[in-house]
Amino acid sequence: MSTNDNNKFQAIIAHAKEYGFVFPSSEIYDGLSAVYDYGPWGSELKKNIRDYWWKSMTQMHENIVGVDAAIFMHPTTWKASGHVDNFSDPMIDNKDSKKRYRVDHLIEAHAETLPEQESAALLSEMEKLLAEEDFAAVKKLIEDHKIKCSISGTANWTDVRQFNLMFKTEFGAVASDNQEDNIVYLRPETAQGIFVNFLNVQKTARMKVPFGIAQTGKAFRNEIVARQFIFRMREFEQMEMQFFCRPGTQKEWFEYWKNARKQWHLSLGIPEEKYRWHPHAKPAFYADNAGDIEYEFPIGFKEVEGIHSRTDYDLTQHQTYSKKKLQYFDNDIDEATGKPYGNYVPYVIETSIGLDRMFLLILSQAYDEETLAKEDGSSETRTVLRIPPKLAPIKLAILPLTKKDGLPEIARNIMNNCRDEFYCFYEEKDAIGKRYRRMDAIGTPFCITVDHQTKEDNTVTIRYRDTMTQERLPIAAIKELVKDKIK
RNA sequence: GCGGAAGUAGCUCAGUUGGCAGAGCAUCAGUUUCCCAAACUGAAGGCCGCGGGUUCGAGCCCCGUUUUCCGCUCCA
């Protein structure tokens, strides 16, 4: 990462706050670490990205429908998904080397150096203590076995700490005698809300495999370190689609979605060379193929979207834990046997994109400090957000050149005529140049200016954000022109 | 969580050896302005992150704390 690019990242963060896109959460109380709020133009931009994704998934695919599942889910959901067991790893730090270890990895590595019997005894003791969450005893176990850090060679350890990646909260007003009964989790991914509704959706919307279920919504992960602005937050929004297909066809569907998702990104006019496909060398245990779509942020190539072939893992797990059949009866004829494919648990291809990351992607791609040569030979800087018009928070600014001679009235009429189709913004304060630059800074792609000629022939000028060029056009043509450009 | 740096007006930043809290831009009111951050006049804006300490006196020195950034660490 070059210093320059880091400066650009800092500039984007400052710009996002200054112009009402993203604020630190609870800022008057000194903020809350790694939590952010979206401001007036940020919430519009975020909504537009979400809408664009939603429409491209549901409206544009006859075999994909949406759901909006609750954030709270039955606690067993997370036992079935594996999050309860795999999403909390006790850690320990060596005070000398500052190296952090997962406790189980540290002890297992030591066990491998021991004779078989001792090794087995150590591991069973470790598992017993971890299951009881007796971390003081786990630390004693490490000390008693004189387990050392491979870097510092010392056994100078911190206490064992647990990092639960899922947030817990209490459910219901009255505390139960058994507190465990009251615990619910804030979902760490939206996907499970889709899986548990698999049959509800399939039956009620009369979907036939292959089909997909889309969902957008908040998810929560108590990251050990959450940083880099809105790139890694503890509360974030996902846009996920789970695509259910016949077992054996998952490879071709994986390729299909990998390509389709790439095309979605390119449809926003973002250059292909800013993207990279990163295949996972070792996919998670439940997946048979996985990879990420990475984008070159100012802080380097980072994951924006993951595409995973999740096999039948999730549905099978929920089937086991719920004791409910989660199968699909496929009436299509298998050419190999001449009979219907029959009952099976579908395989799943997941596409999962971070809405906040996509937001940061759009900002990173759009942010530009353009140097303009002035007539007197000097130069000035124009800060402009080249947001794709279809995603821009404000589509059209309507500006009377002066605030008298009846120009504001004409501008107001144009505003009233257009605002039901797209987001318009009216402003009569300050010199026209300053108003143009303010619109540049929040990414408004088009500005209409009403001048004295308007009173004579009902024409106005339209000024384009990216080129700063202007054209004259009749008032009657404005609405269609903008609608066409934001399509 | 560890190490380093930083926190002064809405924003960007000055602030001398420890001696009255400052500028530009932005904001508000008014005048003037016919196309790219215009000019003039005036106004408002501050617990100098927070809490202690040293001192006659602290934005400045010391300790603690918090937030942010950078580097580790972690990451389905």
Side-chain angles (χ1 to χ4, degrees), chain A residues 1 3 6-7 9-11 13-15 17-20 23-36 81-83 86-87 89 91-102 105 151 158-159 161 163 165-166 188-189 191-192 219 221-229 231-232 238 280 282-287 290 292 299 302-303 306 308 310 313-314 350 352 370 372 374-375 380-384 399-405 407 429-441 447-455 460-465 467-470 472:
Chain A
M1 187 199 337
T3 311
N6 191 44
N7 287 345
F9 195 57
Q10 300 311 321
I13 295 168
H15 190 89
K17 187 187 167 203
E18 178 71 6
Y19 288 92
F23 309 127
S25 166
S26 319
E27 196 185 11
I28 61 169
Y29 293 109
D30 288 332
L32 185 63
S33 186
V35 185
Y36 290 89
S81 70
H83 286 82
N86 296 325
F87 232 147
D89 303 315
M91 306 283 194
I92 193 165
D93 290 1
N94 184 274
K95 290 180 186 171
D96 298 311
S97 66
K98 311 294 185 196
K99 170 84 179 162
R100 168 166 297 157
Y101 294 89
R102 269 176 63 170
H105 289 178
I151 294 170
T158 62
D159 287 343
R161 289 181 304 263
F163 296 97
L165 260 65
M166 283 198 292
E189 63 175 21
Q192 301 305 327
R221 291 183 193 176
N222 199 6
E223 302 279 354
I224 298 167
V225 176
R227 255 190 235 164
Q228 289 172 316
F229 193 41
F231 186 80
R232 178 170 284 118
Q238 295 183 304
H280 286 189
K282 285 196 299 179
F285 64 88
Y286 55 75
D292 303 327
I299 48 175
K302 299 272 186 185
E303 176 190 350
H308 295 236
R310 295 179 77 129
Y313 174 78
D314 299 278
E350 168 189 273
S352 175
E370 185 183 40
L372 302 173
K374 296 208 307 197
E375 282 178 13
E380 61 171 344
T381 303
R382 178 174 81 119
T383 301
V384 50
L399 316 168
L401 194 55
T402 64
K403 53 183 159 190
K404 52 185 187 183
D405 301 332
L407 301 188
K429 252 190 76 68
D430 291 319
I432 191 70
K434 193 176 281 189
R435 283 180 273 168
Y436 285 151
R437 296 302 176 86
R438 271 204 289 264
M439 287 298 111
D440 289 341
C447 292
I448 291 287
T449 302
V450 176
D451 57 20
H452 283 79
Q453 190 182 329
T454 307
K455 292 200 290 186
V460 293
T461 58
I462 181 165
R463 180 262 194 192
Y464 295 99
R465 173 195 70 198
T467 56
M468 296 171 66
T469 53
Q470 287 178 273
R472 259 204 117 74

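Every chain is numbered from 1, with letters handed out A, B, ... down the list of sequences. Note that this is a predicted model, so its numbers are computed, not measured.
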Please list, pair by pair, any protein nitrogen or oxygen found under 3.5 Å from a nitrogen or oxygen in nucleotides 9-12 of chain B.
{"residue": "rC11(B)", "atom": "OP1", "partner": "Lys17(A)", "partner atom": "NZ", "Å": "3.2"}
{"residue": "rC11(B)", "atom": "O4'", "partner": "Glu18(A)", "partner atom": "OE1", "Å": "3.0"}

Next on the checklist: List the residues meeting ring-ring contact (aromatic ring centres under 6.0 Å, His included) with Tyr464(A), not counting sequence neighbours, and say none if there are none.
Outcome noted: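 ring-ring contact (aromatic ring centres under 6.0 Å, His included) list for Tyr464(A), sorted by chain: Phe446(A).
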Next on the checklist: Restricting to ring-ring contact (aromatic ring centres under 6.0 Å, His included), what partner residues turn up for Tyr36(A), sequence neighbours left out?
Outcome noted: Phe229(A)
Checklist entry - Nearest to the side chain of Met468(A), which nucleotide is it out of rC36(B), rC35(B), rC70(B)? => result rC36(B)
Next on the checklist: Within the 4.0 Å heavy-atom criterion, would you say Gln470(A) contacts the bases, only the backbone, or no part of the nucleic acid?
Outcome noted: base
Set of residues satisfying side-chain contact (heavy atoms from CB on, under 4.5 Å) with respect to [X], sequence neighbours excluded:
X         : answer
Lys403(A) : Pro408(A), Glu428(A)
Asp440(A) : Arg382(A), Val384(A), Arg437(A), Arg463(A), Arg465(A)
Ala287(A) : Pro283(A)

So which protein N/O to nucleotides 42-44 of chain B N/O distances come out below 3.5 Å?
none

Can you name the residues that form a side-chain hydrogen bond (donor to acceptor under 3.5 Å, both in side chains) with [X], not counting sequence neighbours?
X         : result
Asp451(A) : Thr454(A), Arg472(A)
Thr381(A) : none
Glu350(A) : Gln242(A), Arg310(A)

Item to check | Stem list, RNA chain B (Watson-Crick or G-U pairing under 3.5 Å, at least 3 consecutive pairs) | outcome: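 Stem segments, range with range: B:1-7 with B:66-72, B:10-13 with B:22-25, B:27-31 with B:39-43, B:49-53 with B:61-65.
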Distances under 3.5 Å only, N/O to N/O: pair up the protein atoms with those of nucleotides 28-32 of chain B.
{"residue": "rC28(B)", "atom": "OP2", "partner": "Lys429(A)", "partner atom": "NZ", "Å": "3.4"}

